[in-house]
There are 2 protein chains.
Amino acid sequence: MKSFKISEAVIRRLPIYLRFLNDLSLSGIQTVSSQDLGEKLDLNPAQIRKDLAYFGEFGRKGVGYNVDYLIEKIRHILKLDKPLNVALVGTGNLGRALCNYNMYLKDNMKIVAVFDADEAKRGTRINHLTVQPMRELKDVVKTLDISVGIITVPAQEAQTVADQFSASGVKGILNFAPVVLRAPAGVRIHHVDFTAELLSLAYYMDDHTEDKSEGVFE
Amino acid sequence: MKSFKISEAVIRRLPIYLRFLNDLSLSGIQTVSSQDLGEKLDLNPAQIRKDLAYFGEFGRKGVGYNVDYLIEKIRHILKLDKPLNVALVGTGNLGRALCNYNMYLKDNMKIVAVFDADEAKRGTRINHLTVQPMRELKDVVKTLDISVGIITVPAQEAQTVADQFSASGVKGILNFAPVVLRAPAGVRIHHVDFTAELLSLAYYMDDHTEDKSEGVFE
DNA sequence: TAGATTGTTAATCGATTAACAATC
DNA sequence: TAGATTGTTAATCGATTAACAATC
C-alpha cells in the first residue's frame, strides 16, 4: 500500500473526466484513449494519463481506457459511490435555482434540507423541501447525516453561516457568496465565484483579443 | 513602455482584491498593507505585492496602499472603468436568478438583453428585460454593443449558443453549463463549474479530513 | 531616527509536458 | 507482427514564496 499526496489540480479535473465519460457511455462508446479525451476536454493527453495513474493502472497499453470501468473507478476515487447528503442555506433566487437543479441525484449527492435566516420564510416549500429556520441546523445535520453545506446567502452573512456549518459537523462547504471564507481544519471550502469570473473576463476584452495573454502597460 | 505577459492566475486574483478593497473603503479605511490583505484573503503578502507590481507602483514604502487609489487602479486594469454590456441566453432557474442578481450594476457590467431558444418564452419579462428569440441575437449584440455573453442553457445546447455568441461578435463568454466549450481565437471563455466543484468536494470527506492533502490508495 | 512596508530579485516549489520503454 | 497507447521518468515550464535593499 502506497500513500500519495494528490494535488488539488488533479482532483478538480476528475469530475471533468467523469462527466465526459458519462456522455461517452450514454452514446454507447466502450473505449477511449487519452488522446481522444485530451482533444475533447482541451487538455494534454499526458496530463490525463498522469492524473489517472496516481490512482491505479486503469488503461490497457495499445488500447486505451474502458469507459464504464473508468467511470466506476473515478466515482470511487471521488467517493461518489455512496450517497452524500447536502444542506443549503439561503433561499434567494440562486438558492432556489440550485434546489431545482436536478443533477445532484445522478451523482449520489442530494439536497435534503434547506434553511433560511429569515424566520418569515419558515415553512415555505421549494420542490419537495420545506424551508427551516437556522436554529434547527445543527440538529438536522446530525439527524440526516449531512456532510456538505451550500451557502447562497449575501456576502455579509456568509462567514456566520460557514461557522454554523462547521460547528454542526459538516465536512465540506460550497460557497456561492462573493467573499473569502475561513473554516477550521477538517472542513474544506470550495468557492464558486462567478462574480470574479465575470469581472476578470473584462480584462480580456478589446485590445487583448489579438494576443491572448499579453497586456501592455507603461 | 514595457510589455508584459500577465498570467491568468494574477488576473483572477484582481477581482478578489477589488472586492475586499471596496469593503474597506465603505468602512472608511484609507490605507492597507499587503500583510493585512494577505491575512483577510488567505494569500501570501509577497504574492499580492508582486501581482500589483506587474501594473505599476501603487504603494508607498513603509506605509502601504491607499485603498481608494488602488481600487481605481484595479478597476482600470480590469477595464471596469467603462460600461460593459452583457447578454444572457437561457432563462431557466439559474438564468433568471442571475438576471435578478444586482451586483453587475456597481461594476459597470449590466445584463442588457435576455434570450431563449424556446419561442414560447418570447416576450416573457424578467425584471425590466423582455425575453427575445435566438434569431435576434446577432442584431441585438450589434445594436446594443454587447461584448460579453452568459450561457445558462442545458449542457447539450451550450456549444451551439457559444458558437452563436462568437459569430455575433461577443468577445467573452461566461459559461454555466457543465461542459467544456470551445471558441475561436479572440473569444475568451470562463467557466463557472459548480457541479465540478461540488463533486470534487466529495473527495475530501471523511478519511481525508485529518490531513488535507493526503490520499491513500493501494 | 527607528520601524514599517514596498518593489523586486533569487530560491523554491509544484505542475505540465515530452519522451519512450513496456506491452496490448 | 506492426501499430497504438499506456504508465512513468525526466525535462520544462510557470507560479509561489522568501529575502532584502530601498525608502517612506
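Proteins get letters first, then strands, A, B, ... in listed order; numbering begins at 1 in each.
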Next on the checklist: For a quick check of understanding: with a heavy-atom distance under 4.0 Å over all strands, which category does Arg60(A) fall into, base, sugar-phosphate or nothing?
Outcome noted: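 The residue Arg60(A) makes sugar-phosphate contact but no base contact.
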Next on the checklist: So Gln47(A), base contact, sugar-phosphate only, or nothing? Heavy-atom distance under 4.0 Å.
Outcome noted: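 Base: the residue Gln47(A), judged by heavy atoms under 4.0 Å, touches a nucleobase.
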Checklist entry - By side-chain contact (heavy atoms from CB on, under 4.5 Å), which residues pair with Asn22(B), not counting sequence neighbours? => result Leu18(B), Ile71(B)
Rounded distance in Å - [atom1] ([X]) to [atom2] ([N]):
X: Ile48(B); N: dT6(C); atom1: CD1; atom2: P; result: 9 Å
X: Glu39(B); N: dT5(C); atom1: CD; atom2: P; result: 11 Å
X: Leu43(A); N: dT17(C); atom1: CG; atom2: P; result: 8 Å
X: Asp51(A); N: dT17(C); atom1: CG; atom2: C1'; result: 12 Å
X: Gln30(B); N: dT5(C); atom1: CD; atom2: P; result: 17 Å
X: Asp36(A); N: dT5(D); atom1: CG; atom2: P; result: 8 Å
X: Leu52(B); N: dT5(C); atom1: CG; atom2: P; result: 16 Å
X: Leu37(A); N: dT5(D); atom1: CG; atom2: C1'; result: 13 Å

Next on the checklist: Salt bridge or not between Arg75(A) and Asp81(A)? Use side-chain N to carboxylate O under 4.0 Å.
Outcome noted: no
Let's see if you can work this out: which of [options] has an atom nearest to the side-chain heavy atoms of [X]?
X: Ala46(B); options: dT17(D), dC20(D), dA19(C); value: dT17(D)
X: Lys61(B); options: dT23(D), dT17(D), dA15(D); value: dT23(D)
X: Arg13(A); options: dT16(C), dG7(C), dT5(D); value: dT16(C)

Next on the checklist: Below the 4.0 Å mark, does dT5(D) have OP1 or OP2 next to a side-chain nitrogen or oxygen of Ser34(A)?
Outcome noted: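 Checking dT5(D) against Ser34(A), no side-chain N or O comes under 4.0 Å of OP1 or OP2.
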Next on the checklist: If you compare every side-chain N and O of Tyr65(B) against the phosphate oxygens of dG7(C) (OP1, OP2), does one of them come in below 4.0 Å?
Outcome noted: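 For Tyr65(B), the contact criterion (side-chain N or O under 4.0 Å from OP1 or OP2 of dG7(C)) is met.
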Any side-chain donor near an acceptor of the partner, [X] and [Y], under 3.5 Å:
X: Arg49(B); Y: Ser34(B); value: yes
X: Asp51(B); Y: Gln47(B); value: no
X: Thr195(A); Y: Asp193(A); value: yes

Checklist entry - Starting at the 5' end of DNA chain C, which residue's closest nucleotide do you reach first, Gly62(A) or Lys50(A)? => result Lys50(A)
Next on the checklist: So, using salt bridge (charged side-chain N to carboxylate O under 4.0 Å, His left out) as the criterion, who are the partners of Glu8(B) when residues are at least two apart?
Outcome noted: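 Per chain and number, Glu8(B) pairs via salt bridge (charged side-chain N to carboxylate O under 4.0 Å, His left out) with Arg12(B), Arg188(B).
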Item to check | DNA chain C base-pair string [pairs: Watson-Crick or G-U under 3.5 Å; |: paired with another strand] | outcome: ..||||||||||||||||||||||
Checklist entry - Does the separation of the ring centres of Phe194(B) and Phe176(A) fall below 6.0 angstrom? => result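 Between Phe176(A) and Phe194(B), which both carry aromatic rings, the centre distance is below 6.0 Å.
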